[in-house]
Amino acid sequence: MLLKDASAFLDDFSKKSYTDIFNIRSRVEQKDWERNAITNIKEHIFQGVNKYSTTKNVLYVHIPFCATRCDYCPYYTTPYNHTLVNEYISCLKKEMNRYKNTPYLKSTTFSSVYFGGGTPSILTVEQIKEIGEHILNSFTFDSNAELSFESNPSTLTLPKIKILKSLGFNRVSLGIQTFNERLLKSMNCAHNKEKGIAVIRQLLENNFIVNADLIFGLTGQDNKDIEEDIRILSQFEGSLQVTYFPLRIAENTPLAKQLETEEELSIGAHLKHLLKIDAFIENKLSSNGFIREECPVFYHSSGASEHKYHSTETRVIGFGSSAGTLLDEAENCNFFDIYEYMKNVDSDSSTALSGIMLTQQQAMERFVLYRLLYMNRSLPNFKNLMEERFFEYYQTPLNDLYEKVLNDMLKLRFIRLNGEKIELTNRFWRILNKVKIGMPSII
Ligand code: SF4
């Protein structure tokens with residue numbers, strides 16, 4: 001089993017230069033996360049002012065509840081329970097109150113808010129209103145800030161759409177996965193094709209930017225199924241964005257266990273298979289007017305659906321269980337277990353499971369690294385785009401940082417050069433199956 005090799009590699013990897021940036025070992029071994037000397041990074045950092053007070057600051061709120069458990073899901077989730085969710089919302093508000101008047105947050109203007117999960121749309125109308133209003137009244141936002149709410153079609157009702165609208169939310173990210181009934185059932189998803197289509201329509205009618213999350217590489221899914229999904233997506237008019245995730249077989253999920261018993265799982269073969277489908281999807285979507293700068297997101301070329309919160313953002317302040325905070329000075333992640341998170345909020349203790357401090361140099365390297373992993377490396381102007389984004393962030397030129405990070409990644413054998421093309425290696429993907437750092441570009 002190739003996945004098992006990752007443990008040995010991680011030990012070795014922990015001695016490498018990028019450990020501080022990824023903090024991989026901590027993220028893998030949640031039980032053994034080392035309590036850092038600075039146990040509460042937020043407390044520490046937030047005493048100073050934000051030196052990038054108006055440049056791409058994102059507020060992230062984590063809602064860890066779901067109606068059902070999807071077989072492939074690698075995230076920490078908990079079944080919805082009304083009383084528990086009310087208690088969780090009280091804790092979220094308390095965590096925010098603790099920091100909202102600190103010099104850092106008082107000097108920060110947020111360009112976007114992202115409610116992720118879990119399934120934020122599982123909250124009731126009253127709960128959405130309560131937490132939404134609290135956030136809007138506690139922090140400062142750009143006049144054109146993007147307020148984004150992750151949702152599942154099975155739980156996003158018209159009254160919830162209306163309350164989101166009245167609060168000022170302008171973007172909804174929907175876990176469509178596929179419109180194929182057979183595949184939806186096989187993944188244990190709670191919605192069907194009809195519901196998926198109806199919710200997209202309702203959101204577009206209410207002038208939301210809609211992101212449809214889809215998955216490819218599912219067992220039993222062929223190109224015809226994908227073509228049909230793209231055909232359905234292409235029928236909508238309005239601000240539609242498509243995020244096409246390759247199926248990630250994460251350890252300890254029901255899917256990984258099922259595959260383990262059925263066949264020898266080969267990451268190399270799985271990746272080859274994904275790359276082929278990815279090329280097919282890119283071809284189909286681009287002929288329907290979609291382009292991608294960041295993987296795996298396709299914007300419509302009209303620009304109407306472009307959004308502000310990219311997976312590459314590195315100025316993110318997170319609230320809630322398992323929420324990560326990524327800043328130029330530090331990273332920290334809250335407890336995954338919601339009871340542990342709530343207990344610590346209630347007792348005014350640190351909610352941080354782990355944290356690391358970064359130097360400015362490390363933060364800048366992390367910026368380049370994330371873009372190497374997430375951006376569409378096939379774009380002919382890839383390096384120029386990276387330079388532009390870097391300048392926007394830091395108001396200083398990229399200089400030789402790009403080459404430095406590229407060489408470090410080559411030395412670690414995380415990437416290889418194929419002519420002009422930069423490719424992620426199988427070795428890197430093996431690690432990614434262990435860690436929770438999101439889904440880099442596979443192209
Ligand atoms: S809805 Fe999303 S977060 Fe919840 S179990 Fe399914 S994939 Fe995981």
Side-chain angles (χ1 to χ4, degrees), residues 27 30 60-82 84-85 88 92 114-124 127-128 131 148-157 160 171-193 195-196 199-200 203 210-219 221 229 241-259 274 296-297 309 311 318-324 333-338 341 432-439:
R27 287 174 204 218
Q30 287 170 20
Y60 176 81
V61 185
H62 193 73
I63 306 291
F65 305 97
C66 288
T68 54
R69 179 83 189 161
C70 305
D71 284 350
Y72 55 87
C73 180
Y75 304 112
Y76 177 88
T77 65
T78 309
Y80 182 89
N81 167 302
H82 192 68
L84 180 64
V85 175
Y88 181 78
L92 268 180
Y114 192 89
F115 270 72
T119 313
S121 59
I122 205 168
L123 302 184
T124 62
Q127 288 165 339
I128 294 173
I131 189 64
S148 207
F149 201 81
E150 214 170 82
S151 301
N152 187 283
S154 65
T155 49
L156 189 63
T157 58
K160 292 182 192 177
R171 180 176 179 272
V172 168
S173 182
L174 270 180
I176 294 288
Q177 324 309 6
T178 170
F179 294 103
N180 185 296
E181 302 277 1
R182 171 179 48 87
L183 294 169
L184 284 171
K185 278 202 190 109
S186 75
M187 285 187 289
N188 199 24
C189 291
H191 66 282
N192 59 17
K193 171 183 175 183
K195 181 70 182 162
V199 175
I200 295 179
L203 286 165
V210 180
N211 170 66
D213 277 345
L214 281 96
I215 299 186
F216 68 92
L218 297 163
T219 311
Q221 183 186 40
D229 283 345
Q241 183 187 93
V242 180
T243 303
Y244 239 118
F245 290 107
L247 177 70
R248 174 176 160 205
I249 303 167
E251 272 205 333
N252 297 325
T253 55
L255 179 67
K257 284 181 188 140
Q258 185 193 328
L259 288 174
L274 291 178
V297 190
Y309 172 54
S311 15
F319 292 107
S321 64
S322 80
C333 186
N334 277 350
F335 286 109
F336 278 67
D337 182 283
I338 58 163
Y341 163 75
L432 198 71
N433 268 342
K434 274 249 178 195
V435 299
K436 295 180 176 174
I437 58 163
M439 174 59 73

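Here the structure is a predicted model, which is why all the values come from computation and not from measurement. Start at 1 and go down the list; that is how both ligands and their atoms are numbered.
Take a cut-off of 2.8 Å around atom 8 (Fe) of ligand 1: the protein N, O or S atoms inside it are C73 SG.
The salt bridge (charged side-chain N to carboxylate O under 4.0 Å, His left out) analysis of residues 182-192, with sequence neighbours excluded, yields the pairs R182-D225.
Side-chain N/O atoms of T243 and N211 include a donor and acceptor closer than 3.5 Å. For the residue pair T178 / N180, no side-chain donor-acceptor distance below 3.5 Å is found, with atom types taken as modelled.
Taking NE2 of H62 as the reference point, atom CG of N334 lies at 10.0 Å (rounded to 0.5 Å). Summarising the geometry, atom OG belonging to S148 is positioned 4.0 Å from atom CZ belonging to R171; distances are rounded to the nearest 0.5 Å.
With ring centers used as reference points, Y60 lies 6.0 Å or more from F115.
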